Structures are given as structure tokens and as C-alpha cells.
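Following: one structure in C-alpha cells, then a few remarks.
Please read these numbers as outputs of a predicted model, since none were measured by experiment. Lettering of chains follows the sequences in order, A, B, ..., and the numbering in each one begins at 1.
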Amino acid sequence: MPEPNVVSWTSLMAGYVVAGQAGLALGMYVKMLETSVKPNDFTVSTVVKACSILAELEAGKKIHAHAEVMGYGTDLVVCSSLVCMYGYCNDVNGARSVFDSMDHRNIVTWTSMIAAYAQNGRGSEALEVFRLFNSMVRVRANDFMLASVISACSSLGKLVAGRASHGAVIRGGHEVNDVVTSTLVDMYGKSGCFDYSWKIFKRIPNPSVVEYTSIIVGASKYGLGKLSIELFEEMVERGVNPNDVTFVGVLHGCSHSGLVDEGLGFLNSMLEKHGVEPEAKHYTCVVDMYCRVGRLDEAHKLAKSIHVENPAEGALLWGTLLSASRLHGRVDIAQEASRRLIESNQQVAGAYVTLSNACASTGEWEIAHGLRSQMKQAGVVKDPGCSWVEIRDSTFVFHAGDLSFERGEDVLRLLRELEGRMKERGYAGGSLGLVFFEVEQEAKEEIVSLHSERLALAFALIVIPKGITIRVMKNLRMCKDCHEAFKAISGIVERDFIVRDVNRFHHFRDGSCSCGDFW
DNA sequence: TTAGGGTTAG
């Protein structure tokens with residue numbers, strides 16, 4: 001074209017974006033600025049989208065500034081694209097400030113804001129914006145918005161809100177939308193209702209890779225490793241190609257069900273059979289797999305050989321090994337793992353605490369105390385974790401060892417009783433977290449170091465009236481045996497409430513029982 | 001010629 005105009009330039013950039021060449025779209029924008037053709041609002045929205053895809057925050061900010069100067073700072077579409085861009089680049093506050101600055105918003109703007117929160121692990125704020133949308137806007141949420149809302153519910157384990165959103169999906173006729181169904185499969189799986197997940201999944205005529213992956217991840221988290229392998233095989237047979245996330249899902253399943261050989265088989269088949277290059281996250285699953293069956297040295301050897309792309313990836317890898325070494329009393333490996341975490345400035349507080357606990361568990365009290373002092377001196381503070389349980393509309397939060405809540409005494413009494421009965425039946429002591437320490441040579445003092453999850457569970461057992469079905473996750477950091485014993489003793493058959501941990505779905509972590517057994 | 005959604009290991 002002898003004289004491309006603004007529409008020609010913008011079309012070309014939009015074409016690059018569609019074709020997955022967002023970098024080239026940005027390059028074209030730079031070229032365009034060298035000509036006499038001025039960008040318009042359409043151009044700006046397009047390049048902002050390119051920045052979103054590339055997660056290029058700095059470029060995005062420059063374009064944002066430029067847009068303000070050119071007078072597009074109040075345009076609805078430009079602003080919506082900016083909200084989305086800041087969200088994709090993990091600058092949620094940036095997204096919110098654009099959102100707040102807008103005089104007019106439409107459903108796309110609202111959805112972008114909700115998604116920005118949901119994608120950045122800020123589910124409660126996502127739901128808060130959704131509530132605001134419902135109170136301010138007379139338009140009904142559509143499939144795009146509901147997908148983000150349901151995703152926020154699953155990250156929070158909010159089954160009540162998730163069910164309500166499912167209702168909105170049905171009323172709006174969005175059940176056929178595959179993005180929506182995959183969020184539902186995921187949400188029910190993460191909220192303790194695998195049977196619902198399964199029902200929804202089974203009704204999908206031709207599940208996509210994401211829908212298959214969601215159900216595989218769900219099965220894996222439930223300790224149904226064999227089922228997750230069967231689902232994987234079924235999807236391959238049906239010609240659906242697994243992706244990197246799918247492999248994380250099956251490897252996770254193998255790891256949590258003690259299927260080491262099967263897991264290694266999957267790792268080795270990834271590239272050859274399925275064209276998916278194994279990454280650090282896949283090797284991390286395998287490290288976890290070795291750890292759960294007590295093969296710490298192999299896990300350690302593998303961890304050392306893995307190339308990590310960034311500190312966060314390394315933190316996941318070494319954090320896995322660190323907690324397993326603590327559980328197995330391998331102070332040597334724990335020391336190396338925590339050193340690596342601290343040096344890379346990742347989860348520093350957690351690394352100190354876990355190493356200190358590892359030393360304490362092998363009786364090296366002086367080192368354990370020394371590490372705590374070091375933390376104090378360095379001003380490193382560990383945020384206490386918590387668990388919570390939703391009963392009807394209320395949420396009850398619990399912290400480890402803290403009994404200062406209503407009916408705290410009753411909870412302690414119940415746990416003592418259950419613990420006593422488990423011991424009578426020959427299960428290892430400490431399985432409910434009541435630990436006895438030698439204090440001052442002779443006196444034995446009971447120190448309550450109850451896990452927050454168990455407080456939440458016991459509280460629910462007391463508060464939920466008899467006659468209501470109680471369902472318990474295969475969880476609570478118990479091995480299979482202790483879990484079965486606990487279920488039998490406490491008379492729990494099924495569950496109707498869920499105990500949540502702040503570290504997302506901690507309680508699914510079977511295989512790491514405090515009795516020390518692995519399976 | 002423009003903006004929005006899903007699955008991921010400790």
C-alpha cells in the first residue's frame with residue numbers, strides 16, 4: 001500500500017495478535033509511531049492486548065501513558081483492555097485503579113476486573129466485585145463472567161457460592177459452554193464434591209483437553225490415581241492431545257497414590273509419544289513422587305539435576321524436598337534445600353521454620369533454637385497458616401494450637417478422646433497433633449500443637465447437628481490407615497463440609513501423615 | 001481496525 005492509513009496499520013497489528021505473534025504487533029506499533037499516521041483508540045486497544053499476551057508490564061505502562069496523552073484515557077474499550085493488561089501482568093492494583101477511574105463500564109470491563117482478581121489468587125476480591133456488579137448493574141452475568149466467578153469460588157473452596165453460580169449457569173443456559181463446564185468440574189473437585197464433578201464431566205459429549213485435565217486433576221487430588229490414569233488413556237484414545245498441564249495432573253495422581261513406576265513411565269513418554277517437553281514442574285512432581293514413598297536420595301539427586309528457569313520454579317522444587325526431608329528427619333537434605341530457598345530469596349520464613357522443625361524432630365534442639373533466633377535477628381516473620389470451615393453462611397477460621405475460640409475446650413476434649421481411642425487400637429501417637437514433650441527433665445507437659453485442619457474438623461463435628469451427613473476428605477495429613485481409623489472412630493461416614501487450608505487444598509495431601517507412614 | 005473466561009507440582 002502506498003499510503004497505509006490508521007485502519008491498515010491497526011488491522012495488521014490485530015492480525016499478528018490473532019496469529020499468536022504479539023511481539024510483532026508491538027514492533028509494528030513502534031514502526032507506526034515513526035510515520036505521520038497517528039494511532040487511534042482501536043490501535044491502542046490492540047497493542048495493549050499484545051502487551052497482555054506477552055505479560056509486558058513496562059511496555060503496557062508506556063502505552064497507557066501514551067494513550068492518556070493522546071486523549072484515549074477515558075475510552076471504554078481502551079480502559080477495558082488496560083484492566084485486562086494490568087491483570088495479566090500481575091499488577092492487580094494497577095487494574096483496579098484504571099477500573100475505578102472509569103465513568104462508564106460495561107460487562108466486559110466488569111469481567112476483566114473480576115478475572116484480574118481471580119487470576120491473581122485474590123478470590124474474595126473477585127467475588128466482592130461480582131457482588132458490586134449485581135447490585136449496580138441490571139444486566140445478568142454472562143458465560144464469560146461466570147467462568148471467572150466460578151474459578152474464584154474454587155480457589156476459595158466456596159462451595160455455597162459455587163453452587164449458586166452453577167444455578168446462574170443453568171438459568172442462563174451456559175451449561176453447553178465448554179469453558180464454563182471446565183470451571184464447574186474444577187470447582188466441585190476442589191470443594192469436596194468429586195461426585196458432582198464426575199456427573200458434570202460425564203455429560204460433556206466431547207470433552208476438550210482442559211475439561212479432561214480438570215477431571216484428571218480432581219481425581220488425582222482425591223487419591224484416585226488409577227482413575228486419573230484411565231482418564232488420561234481415554235482422552236488419548238479419543239484423539240484429544242494432552243498438554244503440559246495434563247501431565248502435571250497425572251503425575252500428581254501417581255505421586256499421591258504411590259504409583260511410582262507408572263509416573264516414571266508417563267514422564268518418559270511425554271516427549272516421544274505426545275510431543276510435550278518435560279519442564280521443571282513435571283520433574284518437581286516426580287521429586288514429590290519419590291519423596292512420598294520415602295526415596296529421598298533419589299529425589300535429592302533428581303532435584304540437583306533439574307534446570308529451573310526462574311526462582312519461583314526453583315522454590316517449588318526445593319520446597320517440596322524441604323518438607324519431605326523434615327518429615328523423614330533428613331536434616332542434611334533439609335539444610336541444602338532451605339539454603340537454596342533463602343539464597344534465592346524465596347519463602348525465606350518458611351524455609352527457616354521448616355529447617356528448624358526438621359532439627360527439632362531429630363532432637364537437635366540447639367540448632368533449632370539458633371535458627372529461630374537468626375530469624376528474629378534478621379527480622380523474618382512467618383505468617384501463621386490457617387484452616388477454615390464453612391457452615392451455612394458462616395466461615396470459622398482456626399490457627400494451629402490456638403484454642404481461644406468458642407467451644408475450644410470441647411474441641412480439645414473431643415480430640416483427646418479420639419486420640420485415646422486411636423492409640424487403644426494401636427495407631428501411632430501424635431496422629432492428631434497432641435504432642436508430648438519432655439520439659440525440664442522430669443515433668444511431662446502436654447503441649448497442644450494441633451494442626452489447624454484438625455481444629456476445624458473437630459469444631460465441625462461438634463457444631464454440625466447429628467443426622468446431617470458429614471463428609472471427610474481423604475486428607476488432614478493422615479496416611480490411609482490413620483485416616484480410616486479416624487473415620488471409623490469418629491463415626492464419620494461421608495462429608496458435607498470442607499476443611500480448607502490457606503495453602504490451597506493442603507488437606508488433600510495424603511501420604512504425609514504425622515505418624516510417619518507413607519504409602 | 002479495538003477490550004473479557006477455564007485446567008498446573010511442595
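With respect to Lys301(A) and Glu298(A), no salt bridge is recorded, no charged nitrogen being found less than 4.0 Å from a carboxylate O. Using a cut-off of 4.0 Å between Lys/Arg side-chain N and Asp/Glu carboxylate O, Glu175(A) and Arg203(A) are scored as salt-bridged.
The distance between the ring centers of Phe232(A) and Tyr212(A) does not fall below 6.0 angstrom. The aromatic ring centroids of Trp110(A) and Phe99(A) lie less than 6.0 Å from each other. Between His64(A) and Tyr86(A), the ring center distance clears the sub-6.0 Å criterion.
For the segment residues 61-69 of chain A, no residue has any heavy atom less than 4.0 angstrom from an atom of DNA chain B.
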Worked verdict on Lys226(A) versus Glu230(A) for salt bridge (charged side-chain N to carboxylate O under 4.0 Å, His left out): CA-CA 6 Å; Lys226(A) 292 236 165 76; Glu230(A) 280 166 26; over 6 Å; no
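The side chain of Ser323(A) lies closest to dG10(B), out of dG6(B), dA3(B), dG10(B). Counting only heavy atoms from C-beta on, Asn177(A) has its side chain closest to dG5(B) among dG4(B), dA9(B), dG5(B). Of the candidates dG4(B), dA3(B), dA9(B), dG4(B) carries the atom nearest the Ile107(A) side chain, counting heavy atoms from C-beta on. Distance from the side chain of Val245(A) is smallest for dT8(B) among the nucleotides dG6(B), dT8(B), dA3(B). Nearest to the side chain of Ser151(A), among dG5(B), dT7(B), dT1(B), sits dT7(B). For Val108(A), the listed nucleotide lying nearest its side chain is dA3(B); candidates were dT1(B), dG10(B), dA3(B). Distance from the side chain of Phe144(A) is smallest to dG4(B) among dG4(B), dA9(B), dT1(B).
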